[in-house]
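This chain uses plain numbering: 1 for the first residue, then up along the sequence. Whatever order the structure lists ligands and atoms in, that order sets their numbers, starting from 1.
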Amino acid sequence: MSQRIIPLHDERTSSPKLSLPGEAVQASGLLRDLHHRPLRDLRISVTDRCNFRCQYCMPKEVFDSQYKYLPHSDLLSFEEIARLSQLFVNHGVKKLRLTGGEPLLRKNIEVLIAQLAQIKTPDASPLDLTLTTNGSLLTKKAHALKQAGLNRITVSLDAMRDDVFKIMNDVDYPVEDVLKGIQSAQDVGLGRDALGHFSGLKINMVVKRGTNDQEILPMLRHFYGKGMSLRFIEYMDVGSTNGWQMQEVLPSHELIERVGKEFDLQALPSHSKGETAQRYGFKNQWGQIDPALGEIGVISSVTQAFCADCNRARLSTEGKLFLCLFANKGYDLKSLLRSNASDEDITSAIGHIWGLRDDRYSELRAEGQGPLLDQGQTVNVIKRVEMSYIGG
Ligand code: SAM
Ligand code: SF4
Ligand code: SF4
């Protein structure tokens, strides 16, 4: 298969000027964007670096030894992340997800988790604090993460077969070591729920047709019965470097058809509005859904737009606020933080930015208003920031 890698156009430096709005917006929990969507989920990228070179995310040809990562002074400090997170929570955010790049590469990440675990929600409901990792440092870190107050964790794994996984991660990383990381997470109780199942331990598999789709069933056979959630993600056209093509996307409905031939599935209701995954449970021998068997989820980012309920914002490694995974501009909250702005000023700025949010990229694409998709062409019409920087 020929590779289509597109040189990186650095969009990290472009951000709309952020001036403090005249009329203050207070944190009422009632904040809505232009499509009446609340702000509930904040994804925070804590580093733009990674020890993997997944072709769909950080292809080697672009993220090579010449690539300029952000200097440490440009990253938000833990104190800055914690302060911003509290202000977002005051606005109604209920879920914080640390991501990257590889978040466990950020030194002393558990110190940040301990700070975030202290955040109070306005209605005293518990904050959902989670992290997405490639699992490579999990054996080393699982205990510290749990001690620091992490509730849940998502581990990415794209195949059971070593040769296929190595093609996906492109750094020769073996499956066995990720499985050891997952085991360590289980050993310390990360993601264990009140019933003793690991419903808060999720496994993410990005499916690329023709590269790892033959691994769907082996992955399911491995994780079936372990009480975890295995989620299949359609390969997305994020960023501008992965040479994405529609023909490499395996639509979720096709995946469910394939899985349904071997497993007895039943669709589950969503936990909350804005949930990205469509969930399915497994039936036991008595025909009942059994959580002990785990569940699967499909994330149909390409074939089924879910913008209508999208309540997610993203904070980039250097403190820019992005309102959509496919946005090409972020709002510079770091400069605001470092200009000695008060909490009220920053709260108001966040309120104004969200209040004017109009993003619905996937819907527009589905309506034929997005970039070219279906003609085997490389999508490079819009210069977008990379997922490793904006956070997945
Ligand atoms: N390094 C961590 C990891 O891989 O889990 C966290 C960051 S990664 C950007 C977050 C998630 O985004 C991973 O589950 C990854 O598989 C997914 N991802 C990255 N690029 C993607 C793409 N082009 N399409 C779909 N999912 C993608
Ligand atoms: Fe790294 Fe995660 Fe991107 Fe893979 S998906 S290159 S592990 S940041
Ligand atoms: Fe949300 Fe943008 Fe994805 Fe739509 S395309 S679901 S607005 S992140």
Close side-chain approach of Leu75 and Arg106, heavy atoms under 4.5 Å: yes
Do side-chain atoms of Asn169 reach the backbone of Phe165 as a donor and acceptor pair under 3.5 angstrom? yes
Going by the order shown, which atoms of ligand 3 are within less than 4.0 Å of some heavy atom of Ser362? 5 (S)
Any idea which atoms of ligand 1 are less than 4.0 Å away from a heavy-atom of Tyr235? 23 (N), 24 (N)
Which is it for Thr99 and ligand 1 at heavy atoms under 4.0 Å: side chain, backbone, both or neither? side chain
What part of Glu363, side chain from CB on, backbone N/CA/C/O, both or neither, has a heavy atom under 4.0 Å from ligand 3? neither
re atom 4 (Fe) of ligand 3, the protein heavy-atom contact at minimum distance is Cys307 SG, 2.3 Å
Is any side-chain heavy atom of Thr154 closer than 4.5 Å to a side-chain heavy atom of Thr133? no
Within 4.0 Å of some non-hydrogen atom of Val238, the atoms of ligand 1 are 22 (C), 23 (N)
Could you check whether the rings of Phe322 and Tyr389 sit parallel, tilted or perpendicular, using 30° and 60° as the cut-offs? perpendicular
Numbering the atoms of ligand 3 from 1, which are under 4.0 Å from a heavy atom of Tyr361? 5 (S)
Considering non-hydrogen atoms of the protein only, which is the closest contact for atom 8 (S) of ligand 3, and what is the distance? Leu325 N, 3.3 Å
For ligand 2, which atoms have a heavy atom of Asn134 less than 4.0 angstrom away? 7 (S)
Parallel, tilted or perpendicular: which describes the rings of Phe282 and Tyr224, with under 30° parallel and over 60° perpendicular? perpendicular
Do Arg360 and His35 have side chains that get closer than 4.5 Å, going by heavy atoms? yes
Looking only at protein heavy atoms, which one is nearest to atom 20 (N) of ligand 1, and how far off is it? Tyr56 CD1, 3.2 Å
Taking only non-hydrogen atoms of Met205, do any sit less than 4.0 angstrom from ligand 1? no
Considering the heavy atoms of Gly101, write down every atom of ligand 2 situated less than 4.0 Å from one of them. 8 (S)
Any donor-acceptor pair under 3.5 Å from Arg312 side chain to Thr276 backbone: no
Within the structure provided, determine whether Arg314 and Leu323 are in side-chain contact (heavy-atom separation under 4.5 Å). no
Measuring only between side-chain heavy atoms, which start at C-beta, is Val155 closer than 4.5 Å to Lys202? no
Atoms of ligand 1 under 4.0 Å from any heavy atom of Glu102, numbered from 1 in the order shown, are 1 (N), 2 (C)
Considering only heavy atoms, which of Cys54, Gly100, Gly101 lies nearest to atom 1 (N) of ligand 1? Gly101
Looking only at protein heavy atoms, which one is nearest to atom 6 (S) of ligand 2, and how far off is it? Cys54 N, 3.5 Å
Ligand-residue contact atoms, ligand 3 with Phe326, heavy atoms, under 4.0 Å: 5 (S)
Taking only heavy atoms of Ile233 into account, list the atoms of ligand 1 that are under 4.0 Å away from them. 25 (C), 26 (N)
Identity and distance of the protein heavy atom lying nearest atom 4 (O) of ligand 1: Ser156 OG, 3.5 Å
Provide the number and element of each atom of ligand 3 under 4.0 Å from a heavy atom of Arg312. 1 (Fe), 6 (S)
Contact atoms of ligand 1, heavy-atom distance to Asn134 under 4.0 Å: 2 (C), 3 (C), 5 (O)
Mind checking whether Thr133 contacts ligand 1 via backbone (N, CA, C, O), side chain (CB onward), both or neither, at a 4.0 Å heavy-atom cut-off? backbone
Is there an N/O/S atom in Cys324 that lies less than 2.8 Å from atom 2 (Fe) of ligand 3? yes
Is there side-chain contact between Asp33 and Asp358, with heavy atoms separated by less than 4.5 Å? no
Do you know which two heavy atoms are closest between Arg357 and Cys310, and how far apart they sit? NH1-O, 2.9 Å
Around atom 16 (O) of ligand 1, find the nearest protein heavy atom and jot down its residue, atom name and distance. Val206 CG2, 3.1 Å
Can Tyr361 and Glu363 be said to form a side-chain hydrogen bond (donor to acceptor under 3.5 Å, both in side chains), step by step? CA-CA 6 Å; Tyr361 171 85; Glu363 276 184 3; over 6 Å; no
Please determine whether a side-chain nitrogen of the Lys or Arg among Asp213 and Lys208 lies less than 4.0 Å from a carboxylate oxygen of the Asp or Glu. no
Cys57 backbone or side-chain N/O/S under 2.8 Å from atom 3 (Fe) of ligand 2: yes
Please write down residue, atom name and distance for the protein heavy atom closest to atom 7 (S) of ligand 3. Asp359 O, 3.6 Å
What are the atoms of ligand 1, with element, lying closer than 4.0 Å to any heavy atom of Asn204? 14 (O)
Same cluster or not: Leu34 versus Ile350, using hydrophobic residues (I, L, V, M, F, W, Y) connected whenever any side-chain heavy atoms lie under 4.5 Å apart? no
Let me confirm one number: the CG-NZ distance from Leu321 to Lys329, rounded to the nearest 0.5 Å. 14.5 Å
NZ of Lys283: more than 12 outside heavy atoms within 6.0 angstrom? yes
Location of contacts on Cys50 toward ligand 2, heavy atoms closer than 4.0 Å: side chain
Could you identify the single nearest non-hydrogen protein atom to atom 24 (N) of ligand 1 and state the distance to 0.1 Å? Met236 N, 2.9 Å
Keeping the roles fixed (side chain from Ser348, backbone from Glu344), state whether a donor-acceptor pair exists under 3.5 Å. no
Among Cys310, Ser301, Ala305, which residue places a heavy atom closest to atom 1 (Fe) of ligand 3? Cys310
Nearest protein heavy atom with distance in Å, relative to atom 12 (O) of ligand 1: Met387 CE, 3.1 Å
